[in-house]
Amino acid sequence: MTANGALLTEAAARDVRISSRLGVLSRKLEFPGGGLFETRDNDGVDALLEGRSSVLARMEGSWRLTLASLAVVVAGVAWLGYYGVPTGAHWLAMRTPPAVARVITAETLAAMDNRVLLPTHLPAARQSDILGRFQRVARWQPDSRRYLLLFRNAPDIGPNAFALPDGRVVITDQLAEMSRNDEELDGVFAHEMSHVIHAHGLQSVYQASLVPAAIAFVTGDASQAGHIATILPGILLQAAYSRGFEQQADDDANAELRAHGEDPGRLANLLERMEQATCTKGVCLPSWLGSHPQTVARALRLRHGLTH
Amino acid sequence: MDTKPLTPESSARHTFRFEGSAGEYFKIWIVNLALSVVTLGIFSARAKVRSKRYLYGNTFIGAHAFDYHAQPLRILLGRAIAVTLILIYSLTLVFAKQFIGLLYLIFGIALPWLAMSSLRFSARNTSYRNIGFDFEGDYGGAFAAYILWQGLAAITLFIAFPFAHRARDYYTINNHCFGSMPFSAEIPVGELYLIYLAGLGAFLSFIVGGALLGLGFSWLTLRPVLSTVTAVEIPAYVLGFLTAASFVGARTLDLALNNTRLGKAFWFESRLSGLRMAWIVTSNLVVSLVTLGLLYPWARVRRARYMASCISVVGPAELDISQAAIPAGGSAVGEEIAGFFDVDFGL
């Protein structure tokens, strides 16, 4: 190295540590004796390196590779959202031991019982009628003995039914009272059993942890704004996955009801009445947050078969 | 401030400058992001180093910029540990709630250590004019700042929160040094209270405003009241929280900087505006979301440029930092390479 023609220091090229090129940042050349030389002549330094300059820096400098990177990111994120996360969650859910499903079910019920789920008010005769239908639908399923029906009074939830991971299905008194004939309930049970078979509940649990983990790990942004920015796509993605589950359960119920000579249109009728009942009370969520596909579309699909 | 050794004539203000460009940063960001995606996140540690080096390397005081020289492997290690902890936490939450108390205890013990290690890692990998920063906080200090004070704040229903904030600032600022020059801060807690009250007011005004807007809208369109108000309240809550958090963040940083000295000869001046910062952070987020993240690099450069333009170092006219240099064979401060347990836990 020279300055004004005077030799300042001399070292073999391989002993000089040269910082990698990054944008227009100045380069640092560290000499073995502790000397440091800084320059903004990036091309000059690269010429010194004789082609040993970093591939990364060359990629970062090219607009064409930048566009290619953009395509890779879009494709990667889309793959992760459409395929990676759902497949991962499905893989994990299918391999979760039944004992774990039982623990989750017990935890969920313990958290809801005596808070939003109260002891049933249905007369014993009505209960045994409904139980009979439930057992009949369960016999349509491959592993019919895993299903168990629970009656609960749920004034805060309203007319609804939901499946728990180990095969227990909760039906609210409000839904039992709303059904005008028991064939409507067959559709509900077939729908809930489909959730159990595909382990939709477990899949949601895994998705809920995979989505934020994936976003944070890939983007590496842990700032407050970064956190908030990941919440919204996370919620929307979860809602989309959940809509997929509802459709799958609807389709399964649809096929089963038809196979046993029943009319899926009755489930459609019940769905419409359920929506009316919850929304006139003013408690329906804004549609941009709704996880159930538009009730109209669901009813149409049930009435006209899967091809619609 | 009677200890300031300088007469006004001999002192000068050296304002920070951020010279990075959005286009250049975009290229660096997207190329590294693509490599992170392709390698399923493994490359993301190197991406973080590139990104931080670019941002630091474009932050100037006078003719010189900062430098960041972390080893990506250490960041990857830190991330692997952090992700494992998060995974253990969420699995415990779902599968074994009865052990959650034990887990909180373990995290309570581990958190101060994680915070301390991260601060030390960042400091030791940052330098200016080849003089390194260092962080000398110990575990006890971190435990007091992150656990005891936060616990006290929680017990007092967050009335003592500004005290906890000050304890954290003291721990982070007063344990940093630049070469042999220590940072020291003395923060008036009364002003912290005013800042937090203003932030709370801003947040509440968003909530109340959102409720009124929702009510008016449902009255005009005859939609159900509860669902309409909910639909308006959710974005109002997010915006309100973001605005209040960035306002408080900017004002408290401003307060801390204006009360911080470096060594004997230097001190800081800041004129960060809370409202301006709230606007920048909120609009940055909206712009980033609307463009599906594409303008995130632009947003980050914009924020860095504003923050740099507001912060100055005041000291001798000739920015002589030779006194910060560590005498040969002197203290071990800053000279040692980041130790084995110095890993970066930030995601």
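These numbers come from a predicted model, not from an experiment. Proteins get letters first, then strands, A, B, ... in listed order; numbering begins at 1 in each.
- Using a 4.5 Å cut-off between heavy atoms, B:Phe60 touches chain A through its side chain atoms alone.
- Shown here is B:Gln71, whose CD atom has no more than 12 heavy atoms of other residues, nucleotides or ligands within 6.0 Å.
- With contacts defined as side-chain heavy-atom distances shorter than 4.5 Å, the pair A:Glu60/B:Asn32 qualifies.
- Once rounded to the nearest 0.5 Å, the distance linking OG of A:Ser26 with CG of B:Asp67 reads 8.0 Å.
- Taking the side chain as every heavy atom from C-beta outward, B:Leu294 and A:Leu70 approach each other to under 4.5 Å.
- Between the OH atom in B:Tyr68 and the CG atom in A:Leu22 there is a gap of 13.0 Å [rounded to 0.5 Å].
- Heavy-atom distances place no part of B:Tyr25 under 4.5 Å from chain A, backbone and side chain included.
- Around CZ of A:Arg95, the count of heavy atoms belonging to other residues, nucleotides or ligands within 6.0 Å exceeds 12.
- The environment of B:Arg305 atom CZ is dense: over 12 non-hydrogen atoms of other residues, nucleotides or ligands sit within 6.0 angstrom.
- In terms of heavy atoms, B:Tyr54 sits closest to A:Leu25 at CA-CD1, 4.0 Å.
- Residue contact with chain B, scored on non-hydrogen atoms closer than 4.5 Å, is absent for A:Ala75.
- Between A:Ser20 and B:Arg50, some side-chain heavy-atom pair lies under the 4.5 Å cut-off.
- Residue B:Phe217 places its CZ atom among 12 or fewer non-hydrogen atoms of other residues, nucleotides or ligands, all under 6.0 Å distant.
- In this structure, CD1 on B:Ile30 lies 12.5 Å from CG on A:Leu65, to the nearest 0.5 angstrom.
- When heavy atoms are compared at a cutoff of 4.5 Å, B:Asn284 does not approach chain A at all.
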